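Single-structure report; data block below.
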Amino acid sequence: MANAPLWWQTGVIYQVYPRSFQDTNGDGVGDLRGITARLDYLVTLGVDAVWISPFYPSPMADFGYDVADYTDVDPLFGSLADFDELIAAAHQRGLKLILDFVPNHTSDQHPWFLESRSSRSNRKRDWYLWHNPAPPGDDWHPARERVPNNWMSHFGGSAWTWDEATEQFYLHSFLKQQPDLNWRNPDVRAAMYAAMRFWLDRGVDGFRMDVLWLLIKDADFRSNPRNPDWNPSWQDHASVVPKFTSDRPETHDIVREMRTMMDGYAGGRVLIGEIYLPLPELVRYYGPGTKTDEAVPQLSGAHLPFNFHLIQTHWEASAVAGIVQEYERLLPAGAWPNYVLGNHDQSRLATRVGAAQARVAAMLLLTLRGTPTLYYGDELGMTDVPIAPEQVQDPAEKNEPGKGRGRDPERSPMLWVDAPHAGFTPPESEPWLPMLDSYATLNAATQAKDSRSLFTLYRTLLHLRRQHDTLHAGEIADVTVEGTLLRYRRVALEDGHSTDFLVLLNFGDEPVTTYVPRGTVLLTTILDGAGATTESEQMVEGNEGILIALG
Ligand code: NOJ
Ligand code: CA
């Protein structure tokens, strides 16, 4: 790398779902003061940046992803003063703060939408996507049933809702309480950039942009092609291929505008995009290079288009190797990789891969080349919490019960101590979602005292990653698979000080024998202690990961 790496390249991001991190006023819901109170935990763990899911004023139809005011804090989470305290406390500790920004849609209670729906001639009518009903067909249907096209909501049913008063439909890619903004309207863009500036001026270090690849829809509102493989046990949304509603070419212009605006701020503010796309399309969100004459071009898109492929793949050495190799091959010059293993929309890592492989996954995430993003509680091995039908909170599950979309299980409150409600909320309070039964063993305080715990493994890995330039900034090489074993090297930059590393990760239950050069074992996922290796065949136990400093 020509230039010194930036904080979001060498650092590790930790996602906090604020409802579930720490409650300080006994209402059973986490809040901003709770995050402030737990910053020292994040410092001890050894992460560098905190991304907080939305805390803006919201009717909470989608738990904050339905924003009613982009420049304030919902009273449930605290106040702007609490936010200012949080950011000051984070910066004081050397932690960066990343906000979740929701550009695709607002709440239906946002004043912009209230105005927009008030009449067809309102000056904000065009801020949202309004459409006349489809023409009547042979079999007569009332206008309110004649949706303009077959676009589907990600949370079930049509993406169109009829507005009785103004006799048009409006588009919502998610809940009907989340109307989509019209990003072709320059006033919308200006208003959203102003909202981003509000937070940048307050010192935030970047944004995670919600559904960045969905911002623009086809200007002609063409229906999506049908998905021939779909069957009714799948979510409604999967019945069509989202050709005209996602990853439209014009989206890249918006990403570039956001980036240009953020580049005007000092301190390296980071633009992260939530983007679920195949790798070839995903890497295009880094944007084209602006200075092609330079050895390392300056790219003009998102700094980190989130790479969710490790979440979506089969947990097998060959599949993971395939992703890493394809990703490394496709990354444009000057693009910085990143990997995500969990978030508030996906089944928990420890549930997906099991407790033994969760340790291997930790070593994978923290030794690959690129910025890792951790989801709160994954460092403790928290699993999905069982949710009884009467406990369901997530609207996605309420709308399409049993279709596997429900996200409550991965949003269970953080486990801090071995006490009723695990220190998340007082024993006499009612947490907004059930706590995990395993709190007595999985809680952070207990694990911190245990040298063999998953928490200690994460902390050690994060420490090693920070200590060794090669692990946070070096290249990756020789990604190979031997049966259930994945191996790769991290290669020192040419500065003369750093070391090369070898990573061995056994994705299977059975031992694998592999050739190991001379070096020093820095860490294994199943054993305490370290030691020298001689050049020899060596056994990697089932579910073991080994990190070796070479030479
Ligand atoms: C993606 C977010 O991660 C998810 O939680 C939310 O429901 C949708 N976007 C809609 O904002
Ligand atoms: Ca609270």
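Atoms within each ligand, like the ligands themselves, are counted from 1 in listed order. Small disclaimer: the values here were computed from a predicted structure and weren't measured. Atoms considered below: every heavy atom in the structure, side chains included; atoms not considered: hydrogens, waters and symmetry mates.
Set against the non-hydrogen atoms of R407, the atoms of ligand 1 under 4.0 Å away are 4 (C), 5 (O), 6 (C), 7 (O). Interface atoms of ligand 1 facing F155, defined by a heavy-atom separation under 4.0 Å, are 7 (O). Each of the following atoms of ligand 1 lies closer than 4.0 Å to a heavy atom of H105: 10 (C), 11 (O). Of all atoms in ligand 1, listed by their number and element, those nearer than 4.0 Å to a heavy atom of V211 are 1 (C), 9 (N). Contact atoms of ligand 1 toward Y65: 2 (C), 5 (O), 6 (C), 11 (O) (distance under 4.0 Å to a heavy atom of the residue). Less than 4.0 angstrom separates some heavy atom of D345 from each of these atoms of ligand 1: 1 (C), 2 (C), 3 (O), 4 (C), 5 (O). Remark: ligand 1 atoms within the under-4.0 Å shell around heavy atoms of R411 are 5 (O).
Only side-chain heavy atoms of R208 come within less than 4.0 Å of ligand 1; its backbone N, CA, C and O stay farther off. Under 4.0 angstrom from ligand 1, there are no non-hydrogen atoms of H154.
Looking at D23 and the Ca ion (ligand 2) together, the shortest N, O or S contact belongs to OD1. Atom OD2 is the N/O/S atom of D31 found closest to the Ca ion (ligand 2). D27 contributes atom OD1 as its closest N/O/S atom to the Ca ion (ligand 2).
At the top of the distance list for atom 9 (N) of ligand 1, counting protein heavy atoms only, stands D210 OD1, 2.9 Å. Protein heavy atom in closest approach to atom 6 (C) of ligand 1: D62 OD2, 3.4 Å.
The shortest separation from a heavy atom of Q346 to ligand 1 is not under 4.0 Å, leaving the residue out of contact.
Here the two rings, on W151 and F244, have centers that are 6.0 Å apart or farther. For W432 and F63, the ring centers sit closer than 6.0 Å to each other. In this structure, Y17 has its ring center no closer than 6.0 Å to that of W51.
By the neighbour-count criterion of 12 heavy atoms within 6.0 Å, atom CZ of R93 is densely surrounded, having more than that number from other residues, nucleotides or ligands.
Counted by atom type alone, Y458 and D378 present zero donor-acceptor pairs between their side chains at under 3.5 Å. At a cut-off of 3.5 Å, with distance as the only test, a side-chain donor of R125 or Q168 sits close to an acceptor on the other residue. In this model, no donor atom of one side chain and acceptor atom of the other lie less than 3.5 Å apart for H131 and N149.
Between F169 and W160, the angle of the ring planes goes over 60°, which puts this pair in the perpendicular group of the 30/60° scheme.
Listed here is the closest heavy atom pair of P18 and I35: CB-CD1, 4.2 Å.
The only member of F101, F83, Y65, Y70 that meets ring pair (Phe, Tyr, Trp, His ring centres under 6.0 Å) when paired with F55 is F83.
Centred on the Ca ion (ligand 2), the OD1 atom of N25 and the O atom of V29 lie at an angle of 150°, reported to 10°.
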